[in-house]
Amino acid sequence: MATEQRMVLYEYPFSERVRTLLRLEDVFEKLGYFCAQEHPYCHHTALLTLFEILEVTARADLKSDLLQELERHKQALTALRNNPQVAEDALDHVLREIEQAQRALNATPGKAGQHLRDNEWLTSIRSRAGIPGGTCEFDLPSYHAWLMGDVAQRNADLQQWVRPLSQYVSGTSIVLKMLRETSHRSSQVAGQGQFQQMLQGRTYAMLQVRVAADLAAVPEISANKYMLWIRFTAADRDVKPRPVERDIPFELSLCSF
């Protein structure tokens with residue numbers, strides 16, 4: 001029996017808003033993993049990931065952006081009611097998820113992560129975290145004591161700091177899920193490692209490239225509303241990526257809001 005090829009997914013955002021959401025999705029997933037562990041090093045990494053979230057959310061009005069996207073999806077889906085080609089139960093379920101996410105975001109005061117910015121102890125750690133080795137026990141003895149303390153207490157503290165961000169996790173997940181579900185996938189071949197496609201001025205939010213892992217080819221992507229370019233390079237960790245000079249089959253998906 002033939003085994004299914006393992007595909008590697010690469011996603012490229014067309015807008016700064018989608019770029020921010022993809023970054024947040026990535027750090028939220030890492031945060032969930034490290035919070036679920038028990039080793040002090042994992043909880044240290046969880047805090048560093050929290051600080052990354054603060055950096056990302058500081059550059060955009062995440063709450064407003066998510067509410068706008070959720071409302072736009074809600075309006076588009078509501079217009080599908082009474083459409084015989086749409087399952088009403090599934091439609092109602094998605095609309096309920098969107099409305100729950102909207103209520104949770106609207107009930108959240110202030111900016112994303114403001115409770116973390118207001119915590120002086122966390123702020124002192126954050127200020128040292130940007131210095132290589134700056135969180136050693138002789139720099140931050142109270143932080144060292146926390147890391148060496150009771151696991152259950154560390155878990156409780158982490159949950160207290162993470163919980164107010166849960167509505168942002170939910171909103172981000174819904175918006176990106178609905179975006180990905182708009183994708184139109186096609187099989188393509190990059191001749192001699194190069195691929196171009198005209199986009200005819202149509203607006204897309206994100207593109208996806210799936211390539212077999214055993215091809216050891218990494219896509220370098222650039223795009224605008226008129227054209228996209230994909231150049232595959234060798235995945236051999238050289239200082240300077242080497243162009244692939246063979247045909248590379250891949251799957252291309254274009255996602256639009």
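Looking at Q102 and E71, their side chains come closer than 4.5 Å, going by heavy atoms from C-beta outward. Considering only heavy atoms from C-beta on, I53 stays 4.5 Å or farther from L116 through its side chain. V8 places none of its side-chain heavy atoms less than 4.5 Å from the side chain of R210. Considering only heavy atoms from C-beta on, R231 stays 4.5 Å or farther from P219 through its side chain. Taking the side chain as every heavy atom from C-beta outward, W161 and L47 approach each other to under 4.5 Å. Between T123 and D118, every side-chain heavy-atom pair lies at or beyond the 4.5 Å cut-off. Looking at L62 and Y168, their side chains come closer than 4.5 Å, going by heavy atoms from C-beta outward. Looking at K63 and D61, their side chains come closer than 4.5 Å, going by heavy atoms from C-beta outward.
Below 30°, between 30° and 60°, or above 60°: for W121 and W146 the angle between ring planes is above 60°, a perpendicular geometry. The aromatic rings of H39 and Y41 sit tilted relative to each other, their planes meeting at an angle between 30° and 60°.
Judged by distance alone, the side chain of T108 and the main-chain N or O of A104 form a donor-acceptor pair under 3.5 Å. R117 places a side-chain N or O within 3.5 Å of a backbone atom of L54 that can act as its donor or acceptor partner. In terms of modelled atom types and a separation under 3.5 Å, the side chain of H43 and the main chain of Q37 share a donor-acceptor contact. In this structure, H44 contributes its side chain and L147 its backbone to no donor-acceptor pair below 3.5 Å. Of the possible polar contacts, none joining the T172 side chain to the V169 backbone as a donor-acceptor pair under 3.5 Å is found. With R242 contributing its side chain and A234 its backbone, the two residues share no donor-acceptor pair below 3.5 Å. Put simply, the side chain of S15 never gets that close to the backbone of A205: no donor and acceptor are under 3.5 Å apart. The backbone N or O of L22 sits nowhere less than 3.5 Å from a side-chain atom of D26 that would complete a donor-acceptor pair.
R128 and G134 make their closest contact through NE-O, 3.1 Å (heavy atoms, listed as atom of the first residue, atom of the second, distance). Minimum heavy-atom separation, A217 to V244: CB-CG2, 4.4 Å. For I248 against V211, the heavy-atom pair with the smallest separation is CG2-CG2, 4.0 Å. For I174 against A101, the heavy-atom pair with the smallest separation is CD1-CB, 3.8 Å. Considering every non-hydrogen atom in both L140 and S124, the closest pair reads CD2-O, 4.3 Å. Of all the heavy atoms in S222 and Y12, the pair that sits closest is CA-OH, 4.0 Å.
A chain of hydrophobic side-chain contacts below 4.5 Å, direct or via other Ile, Leu, Val, Met, Phe, Trp or Tyr residues, connects M178 to L70. Connection of L31 to L176 is established within a shared hydrophobic cluster, with ILVMFWY side chains joined at heavy-atom distances below 4.5 Å, either directly or through further cluster members. Under a hydrophobic-cluster definition in which Ile, Leu, Val, Met, Phe, Trp and Tyr are linked whenever side-chain heavy atoms come within less than 4.5 Å, directly or via other members, V18 and F28 are assigned to the same cluster. L24 and I98 fall within the same hydrophobic cluster, where Ile, Leu, Val, Met, Phe, Trp and Tyr residues are linked whenever their side-chain heavy atoms come under 4.5 Å apart, directly or through other members. Each of L179 and F14 belongs to its own hydrophobic cluster when Ile, Leu, Val, Met, Phe, Trp and Tyr are linked at side-chain heavy-atom distances under 4.5 angstrom.
One distance of note links CG of L50 with OG1 of T45; it measures 11.5 Å at 0.5 Å rounding. The distance from the CG atom of L254 to the CD atom of Q197 is 6.0 Å, given to the nearest 0.5 Å. In this structure, E97 CD and S173 OG are separated by 8.0 Å, a value rounded to the nearest 0.5 Å. Rounding to the nearest 0.5 Å gives a distance of 9.0 Å between CE of M7 and CG of D214. Atom CD1 of I230 sits about 12.0 Å away from atom OH of Y10, to the nearest 0.5 Å. Expressed to the nearest 0.5 Å, how far CE of M198 lies from CE of M227 amounts to 4.0 Å.
Note: F195 and F250 meet the aromatic proximity criterion, with ring centroids under 6.0 Å apart.
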Any chance you could lay out the side chain to side chain contact (heavy atoms under 4.5 Å, CB included) test for Q160 and H115, step after step, and finish with the verdict?
-> CA-CA 10 Å; Q160 179 183 351; H115 65 293; over 6 Å; no
Working for side chain to side chain contact (heavy atoms under 4.5 Å, CB included), residues V218 and F232 = CA-CA 5 Å; V218 178; F232 285 91; over 6 Å; no
Tell me, with the steps shown, if W229 and I221 meet side chain to side chain contact (heavy atoms under 4.5 Å, CB included).
-> CA-CA 6 Å; W229 299 265; I221 303 167; over 6 Å; no
Going through the distances and angles, do Q159 and N155 end up as a side chain to side chain donor-acceptor pair (under 3.5 Å)?
-> CA-CA 6 Å; Q159 289 306 311; N155 279 324; 5.9 Å; no
Would L95 and R81 satisfy side chain to side chain contact (heavy atoms under 4.5 Å, CB included), going step by step from the backbone distance to the final call?
-> CA-CA 11 Å; L95 284 170; R81 286 198 183 280; 3.3 Å; yes
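Ion pairing between E38 and R154 fails under the 4.0 Å rule for side-chain N and carboxylate O. Between R126 and E55 a salt bridge is recorded (basic side-chain N to carboxylate O distance below 4.0 Å). A salt bridge links R180 with E11; the closest basic N to acidic carboxylate O contact falls under 4.0 Å. Note on D92 versus R96: no salt bridge recorded, every NZ/NE/NH1/NH2 to OD/OE distance being 4.0 Å or above. Ionic pairing of R23 and E52 is not present here: no N-O contact between side-chain nitrogen and carboxylate oxygen is shorter than 4.0 angstrom.
Just one of H184, R202, M206 meets the side chain to side chain contact (heavy atoms under 4.5 Å, CB included) condition when paired with S256; it is R202.
Applying the 6.0 Å contact sphere to CD of E181 captures more than 12 heavy atoms from other residues, nucleotides or ligands.
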